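Data block below; observations after.
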Number of protein chains: 2
Amino acid sequence: MQLRRADVLRGARDLLDAEGLDGLTMRKLGAALNVQAGALYWHFAGKQVLLEAIADDLLAAVAEPPPAGPWDQRLVTLAHKLRQALLGVRDGARLVAETFVTEPNTALAGRIGMRILMDAGLPAEQAAWTMFAVGHYVLGHTIEEQATGPDRDAKLAARAEGDADLRELATAIGADPGRRFEFGLGLLIDGIRVRVGPRTPADN
Amino acid sequence: MQLRRADVLRGARDLLDAEGLDGLTMRKLGAALNVQAGALYWHFAGKQVLLEAIADDLLAAVAEPPPAGPWDQRLVTLAHKLRQALLGVRDGARLVAETFVTEPNTALAGRIGMRILMDAGLPAEQAAWTMFAVGHYVLGHTIEEQATGPDRDAKLAARAEGDADLRELATAIGADPGRRFEFGLGLLIDGIRVRVGPRTPADN
DNA sequence: ACCTGAACACCGTTCAAGT
DNA sequence: ACCTGAACACCGTTCAAGT
């Protein structure tokens, strides 16, 4: 049974989950698919291209617009879908960060967010810049969230000895990432609201 | 003349600027310092440790608090210093993203931001979470900003054919990164203001 | 204390040759 | 059309041995 492009993609995702981004090598991927490493180059032009394909695959779920509703709710939904997409595979955020806006689906996600904000009354440029800000926040947050901290929290805690502020910081980073994400997203939404103007009853 | 730890660090930074993160290898670094690659392991336990040292070095400038003043102004100053620090070397943001909160100076920067916000009246946990959000935004933005787009803008522009929204997005990403950064930071600041409460004359 | 030389176990990528 | 085998030019890391 022959290898198809989709098989390579799925194998790469599995290997990524198992070994992390640094452990994902063409040779291991070949072995996992019972094929020589060189054979992969028939399906993908190079490792970089393969990584981009995985990244784009990951973001496919973000390519369709959230259901109608008030702009802030729609935007929150979009941001959550983006985070969930990045969390869909180990080191997903780092992977996307290294290929970023190149892929079709990233652009589509940006397009959708822009529409939401333009419908809310923002001019095109502001809408675009706002989406960049939201995207950057989500990406930064998720990279940190996925940074495997086997010793990370311990290291920070060790350094926090005798420094009340650092102790507080260490505790805060140990909190549920989902709630932290929500909080930061709320800051952005409130900031956007200042520019959009308060909701009117007509928005429903 | 013997090699000192600081020489290795400086050499690594120079090589990073010249070759980028992917081009920074122990062997090339050795060659640049007129030394065998193995010799570097006397000064640093491994490449990872060296990278972390560069990252921490980069963030040293952020470790001291901005001058007194209104909280929003101080926070903006801090965020700018952070961005400038990451821009201090090629791929600086990606580098820091891969080692993140582990380093002393990152923690110190967080501590400083926390103090600013607590002085402004925020409870400790909210102050910490707010700083994470600001940090994640800055990191995400700067990663994108440094993503060498030799073809990136061109790729996006090509895909934008016949899609007015995508064209708008492509134009917006071509804008001055500094102004884009400012805009997104402004969103966050405004969001924080909602929680801190409006400035009073006593803040000066 | 600091470095060399040489090895070990890996990489990504290419490409003739096979089927 | 799809893959093997084998090579090429690299990696990070270790470690005896030198000075």
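Every value quoted in this text rests on a predicted model; they were computed, and no experiment measured them. Heavy-atom basis, side chains included; hydrogens, waters and symmetry copies ignored. Below, chains carry the letters A, B, ... as their sequence lines are ordered, and counting in each starts from 1.
- The distance from atom CZ of A:Phe44 to atom P of C:dT14 is 15 Å, rounded to the nearest whole Å.
- Nearer the 5' end of DNA chain C, as judged by each residue's closest nucleotide, is the contact made by B:Ala39, out of A:Ala39 and B:Ala39.
- One interatomic measurement links the two molecules: OH of A:Tyr41 to P of C:dG12, which rounds to 6 Å at whole-angstrom precision.
- Atom CE of A:Met26 is separated from atom C1' of D:dC10 by 16 Å (rounded to the nearest Å).
- As judged by a 4.0 angstrom heavy-atom cut-off over every strand, A:Gly38 is placed among the base-contacting residues.
- B:Arg167 places no side-chain N or O within donor-acceptor distance of the main-chain N or O of B:Glu161, the cut-off being under 3.5 Å.
- The separation between A:Leu50 atom CG and C:dT13 atom C1' is 14 Å, rounded to whole Å.
- Rounded to an integer number of Å, the gap from CG of A:Asn34 to P of D:dT4 is 9 Å.
- When the nucleotides C:dG12, D:dC3, C:dC3 are ranked by their closest atom to the side chain of A:Gln2, D:dC3 comes out on top.
- Ionic pairing of A:Arg115 and A:Asp119 is present here: one or more N-O contacts between side-chain nitrogen and carboxylate oxygen are shorter than 4.0 angstrom.
- Taking the six-membered ring wherever Trp is involved, the centroid distance between the rings of A:His80 and A:Phe181 falls below 6.0 Å.
- Between the CD atom of B:Gln36 and the P atom of D:dC11 there is a distance of 13 Å, given to the nearest Å.
- A distance of 12.0 Å separates CD1 of A:Ile54 from CG of A:Leu59, quoted to the nearest 0.5 Å.
- Minimum atom distance to the side chain of A:Thr25 is reached by C:dC11, of the listed C:dC11, C:dC3, D:dC11.
- Taking only side-chain atoms of B:Arg27, from C-beta outward, the nucleotide of D:dG12, C:dC11, D:dC3 with the closest atom is D:dG12.
- Considering CD of B:Glu52 and CD of B:Glu98, their distance stands at 10.5 Å, rounded to 0.5 Å.
- Of all heavy-atom pairs between B:Leu122 and B:Arg195, the closest is CD1-O, 3.9 Å.
- Protein atom CG of A:Leu40 is 10 Å distant from nucleotide atom C1' of D:dC3, rounded to whole Å.
- Distances shorter than 4.0 Å separate some side-chain N or O of A:His43 from OP1 or OP2 on D:dC3.
- DNA chain C is contacted by both A:Ala45 and A:Lys28; A:Lys28 maps to the nucleotide lying nearer its 5′ end (nearest heavy atom per residue).
- Taking atom CG on B:Leu21 and atom P on D:dC11, their separation rounds to 14 Å, with Å as the unit.
- A distance of 8.5 Å separates CD in A:Glu182 from CZ in A:Arg83, rounded to the nearest 0.5 Å.
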**Asked** Please, what dot-bracket string fits DNA chain C when only Watson-Crick and G-U pairs with both distances under 3.5 Å count, crossing ones use [ ] and pairs to another strand use |?
**Response** ||.|||||...|||||.||
